[in-house]
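So the structure is just underneath, and the comments pick up after that.
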Amino acid sequence: MEKIEMGELIAGGLARALELMAVAAYTAIKFGDRNTIKMAAMGSDELETISEFCFSLGDMSPLAARDGRALQSMVKEPFAMLVIGDTRKSDLNYNCGACGYSTCAELNRAEMVEALTSNGPFCMFKAINLHMAANAAAAAAWRLGLQCRVFGTFGFAAKAMESMPDIDTAVAVAVSAAKNDPFFDRHKYWTNDYWDEIFRKEFPTFVRGFIGAVEE
Amino acid sequence: MSREKAQKQFEDDRKEAVHIASRLLLASGTTSPRVGGVGECTMHILEDECTIEELCQEIEKMAAEKESWDFFKKDAAALRDADAIMLVTSLRSLTDPSDINCNLCGYLTCDYMRKADKLERVPGVAYTGPLCAFRATNISYAVGGIVGQARQLGIDHGIFWSAGAAAMRMGILPRNTGFALAVGISVTEKSPFRDVPPRSDEINERTMNDRIIRRLWPQFRSIYS
């Protein structure tokens, strides 16, 4: 056996861990014994596209902008992203009513409403199957000792940028083998002034005065 | 220790193992990921046999309401053999959309979704949607945490949405519960949730006992009278 340097060990281990995460997501417990999820690992080009898209949302979604900014830094270290997507129509025949329609046939006949984030209306149990798979992938990564987090923002961005074709929503599981856990502190990209500004905008009840107080 | 006491000790310890395991599963379900870290899922443990029986009877009532819910009868038969049932709820999916505007519900923005008419609570409707799918999928991570820990501990488990819907009907879950699932757990030599034979709702130990009682009851009655 030839000598393998540490960097190659880390990169190779991360790639193999990604495969194990995909297997765990694939075999995760699902409703109706349906395995309709689609998975793909994002390449460097897709990661750059997703990062730029999230950052471009800016004031529309400060959380997505922050995640996009973080992704630009995370790709400089060993990093990988598994995107899991699914389609919205239901063949489960549960007729449970969670989507707002009494039967699955009504849901499937309903006109699709397109949006950048997701296409709806979406079958609730298929959404749960999708997130069960994401949870299984994240748990597998955690057991392997990787730094890991589930991202809705990157999943929506992957769907918007059509990184995976023919899906109606997606969720992303990001894994990293960086020197420091990049998911431990995701607020470092905001200055104190920007944090105050966003906090005042997004959580007005925390900074508002008494009821009836005059707003400046 | 006598032989009879040793057998009873085993049965008591098995029930104690279920008691401990259900709490550990609750812990794992609580620490699994949540959207925004918001704790909007609760978990409730049913361990009493009578409560489980009441839940199973409610499941069987729902099985009669719709043809597509016919599999509820098998769910009820399996859950009767469960040692404990963990009910997992999503509290804010019914009344409080997540303000993400993700369009999973098909209403484009959360403001439109708030104004949408809900389905009525009538027989044949399990969940009064439209629910906020972004909120309700939190339950996936809670249930995933329970299932992951159950596998680690070697506890037999099965996920049932029929029991969650029946628990909502019974009113034993918190107010404004929009969505609920149930995880049955079992500490026995044979899992009641996997590899069950066909028609397990019609042919099982309880139905056999019921048939014997019905067949022999006239003889018993004549003897006693």
Side-chain angles (χ1 to χ4, degrees), chain A residues 24 28-32 60-61 63-64 88 92-104 107 110-140 142-143 148-150 152-153 155-156 168-169 171 173 202, chain B residues 28 32-36 66-69 71 93-94 98-109 112-113 116-122 124-131 133-134 136-145 147-149 151-152 157-162 164-165 178-179 181:
Chain A
I29 189 165
K30 295 181 180 66
F31 280 100
M60 257 202 302
S61 182
L63 299 181
R88 67 182 188 89
L92 297 164
N93 202 32
Y94 280 168
N95 300 333
C96 68
C99 57
Y101 298 93
S102 292
T103 61
C104 295
L107 165 66
E111 185 178 357
M112 184 169 76
V113 182
E114 291 190 27
L116 272 183
T117 45
S118 305
N119 297 335
F122 208 96
C123 170
M124 179 66 72
F125 280 98
K126 286 186 83 174
I128 284 178
N129 282 353
L130 174 71
H131 286 264
M132 290 280 215
N135 183 81
W142 187 251
R143 282 189 207 105
C148 179
R149 197 176 194 278
V150 182
T153 51
F156 291 151
D168 291 317
T169 193
V171 66
V173 185
E202 297 287 338
Chain B
S28 183
S32 53
R34 295 282 190 279
V35 172
K66 254 183 177 177
E67 188 180 353
S68 56
W69 292 354
F71 67 94
S93 56
L94 183 66
S98 60
D99 273 341
I100 299 288
N101 299 329
C102 66
N103 191 43
L104 275 172
C105 57
Y107 286 92
L108 273 179
T109 65
Y112 293 152
M113 196 267 183
D117 294 328
K118 306 288 187 184
L119 295 175
E120 293 183 7
R121 292 186 183 274
V122 294
V125 171
Y127 306 108
T128 55
L131 306 172
F134 206 74
T137 48
N138 275 317
I139 215 171
S140 299
Y141 296 96
V143 170
V147 167
Q149 184 72 308
R151 292 177 70 162
Q152 292 280 314
H157 59 275
I159 304 180
F160 302 91
W161 72 272
S162 52
F179 197 78
L181 300 176

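No experiment lies behind these values; they were computed from the predicted model shown. Below, read A as the first sequence line, B as the second, and so on, with proteins coming before strands; counting in each chain starts at 1.
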At a 4.5 Å cut-off on heavy atoms, which part of A/I29 comes close to chain B: side chain, backbone, both, or neither? side chain
Criterion side chain to side chain contact (heavy atoms under 4.5 Å, CB included) against A/M132, the qualifying member of B/V147, B/T137, B/I159: B/I159
Which atoms of B/C105 come close to chain A, meaning under 4.5 Å heavy atom to heavy atom: side chain ones, backbone ones, both, or neither? backbone
For residues B/F134 and A/F122, establish whether the separation of their ring centroids is below 6.0 Å. no
Among A/F31, A/W142, A/Y101, which residue forms the greatest number of heavy-atom pairs with chain B at distances under 4.5 Å? A/F31
Quick one: closest heavy-atom pair of A/N93 and B/S68, and the distance? O-CB, 3.3 Å
When heavy-atom pairs shorter than 4.5 Å are enumerated against chain B, which of A/S61, A/A98, A/G120, A/A138 gives the highest number? A/A98
Heavy-atom proximity to chain A below 4.5 Å, by part of B/Q152: side chain
Checking A/A127 against chain B: side chain, backbone, both or neither under 4.5 Å from a heavy atom? both
Min side-chain heavy-atom separation B/I139-A/I128 under 4.5 Å: yes
In terms of heavy-atom pairs under 4.5 Å with chain B, the winner among A/V171, A/V113, A/L130 is A/V113
Is it the backbone or the side chain of A/C96 that comes under 4.5 Å from a heavy atom of chain B, or both, or neither? both
To the nearest 0.5 Å, atom CE of A/M124 lies from atom CG of B/L104 at 8.5 Å
Relative to chain B, which segment of A/D168 carries a heavy atom at a distance below 4.5 Å: side chain, backbone, both, or neither? neither
Interchain contact, B/F179 with chain A, by part (heavy-atom threshold 4.5 Å): side chain
Under a 4.5 Å cutoff for heavy-atom pairs, which residue among A/C99, A/A110, A/A133 has the most contacts with chain B? A/C99
Is B/N138 in contact with chain A via its backbone, its side chain, both, or neither, using a 4.5 Å heavy-atom distance? neither
Between A/G97 and B/L119, what is the shortest heavy-atom contact and its length? O-CD1, 3.5 Å
Considering only heavy atoms, which portion of A/R149 lies under 4.5 Å from any heavy atom of chain B: side chain, backbone, both, or neither? neither
How long is the straight-line distance from CG of A/L116 back to CG of B/N101, given to the nearest 0.5 Å? 11.5 Å
Counting only heavy atoms closer than 4.5 Å, note whether A/E114 contacts chain B via side chain, backbone, both or neither. backbone
Closest non-hydrogen atom pair between A/S102 and B/K66, with its separation: O-NZ, 3.3 Å
Might you point out which heavy atoms bring A/S118 and B/N103 nearest each other, and give the distance in Å? O-ND2, 2.9 Å
So which part of B/A165 gets closer than 4.5 Å to some heavy atom of chain A, the side chain, the backbone, both or neither? neither
If one checks every heavy atom of A/A139 against chain B at 4.5 Å, the contacting part turns out to be neither
B/L181 versus chain A, the contacting section by heavy-atom distance below 4.5 Å: side chain
